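Structure first, then comments.
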Amino acid sequence: MSKPQVGIIMGSKSDLPIMQQAAEMLEQFGVPFEITVVSAHRTPMRMVEYAKNASGRGLKVIIAGAGGAAHLPGMVASITSLPVIGVPVKSSNSIDGWDSILSILQMPNGVPVATVALNAAKNAGILAGQVIGASDTSIQKKISEYKQELRQKVLDTVPEVEALGKK
Ligand code: RP5
């Protein structure tokens, strides 16, 4: 097993069904990752330790997801100099996800969190792959192939849709 380059963390195990979509994308691109639970509110010292040690352990990017009053991505970003990708999760305690979106998105100047759409852990995984791929051509190639597949899937639908206009 190679050393993890991306750390996926989430505020609660209840975030896992969403957050594992980031893991699936990283697996597809062959990016080594680790995944765990780190709660800003319930395990604040663990969060500080995780963020403090992340770079030294060889991580290059952190993906952090949380719902409700989602302080995990922002607080981790305040401690580490690694790029942090935030995933707002529509959790059981959420007001339609907006609380989490705004908590993660509206960071003060100087402490950015690259925020993806609500529940968009898949995009977080792709984005983390792209960051790693910027200095790893084999991973960049896999991402290019993935994008080519996306293009092809759309192009495959064109004849069927256009046929509706030719009836
Ligand atoms: C947040 O509160 C977590 O990230 C989760 O999205 C939400 C609910 O947590 P549980 O009550 O399900 O543990 O901190």
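Predicted, not measured: the structure shown is a model, and the values here were computed from it. Just so you know, ligand 1 is whichever comes first in the structure, and atom 1 is the first atom listed for that ligand.
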- Can you list the atoms of ligand 1 that are under 4.0 Å from a heavy atom of Ala66? 4 (O)
- Message: Under 4.0 Å from a heavy atom of Ser91: which atoms of ligand 1 are those, numbered in the order shown and with their elements?
- Response: 6 (O), 7 (C)
- Query: In Å and rounded to the nearest 0.5 Å, what is the CD1 to NZ distance from Ile18 to Lys122?
  - Reply: 12.0 Å
- Message: Measuring from atom CD of Gln28 to atom OH of Tyr146, what distance do you get when rounded to the nearest 0.5 angstrom?
- Response: 6.5 Å
- Query: Any idea which of Gly67, Gly11, Ser39 brings a heavy atom closest to atom 1 (C) of ligand 1?
  - Reply: Gly67
- Item | For atom 5 (C) of ligand 1, the option (of Asp15, Leu16, Asp99, Ile9) bearing the nearest heavy atom | Asp15
Could you tell me the residue and atom name of the protein heavy atom closest to [atom], and the distance to it rounded to 0.1 Å?
| atom | result |
| --- | --- |
| atom 10 (P) of ligand 1 | Ser12 OG, 3.5 Å |
| atom 12 (O) of ligand 1 | Ser14 OG, 2.6 Å |
| atom 11 (O) of ligand 1 | Arg42 NH2, 3.2 Å |
| atom 2 (O) of ligand 1 | Asn93 ND2, 3.7 Å |

What side-chain donor-acceptor pairs closer than 3.5 Å can you find for residues 110-119, not counting sequence neighbours?
{"residue": "Thr115", "atom": "OG1", "partner": "Ile104", "partner atom": "O", "Å": "3.4"}
{"residue": "Thr115", "atom": "OG1", "partner": "Val113", "partner atom": "O", "Å": "3.2"}
{"residue": "Asn119", "atom": "OD1", "partner": "Lys90", "partner atom": "N", "Å": "3.0"}

- Task: Indicate yes or no: does Glu49 engage Lys52 in a salt bridge with an N to O separation below 4.0 Å.
- Result: yes
- Message: Any salt bridge linking Lys153 with Glu149? Criterion: basic side-chain nitrogen under 4.0 Å from a carboxylate oxygen.
- Response: no
- Message: Check for me whether Val89 has a heavy atom closer than 4.0 Å to any atom of ligand 1.
- Response: no
- Task: Please state whether His41 comes within less than 4.0 angstrom of ligand 1, counting heavy atoms only.
- Result: no
- Query: So do Thr36 and Tyr50 actually touch side chain to side chain, heavy atoms under 4.5 Å?
  - Reply: yes
- Query: Which one of Leu72, Asp15, Val37 satisfies the side-chain contact (heavy atoms from CB on, under 4.5 Å) criterion with Ile9?
  - Reply: Leu72
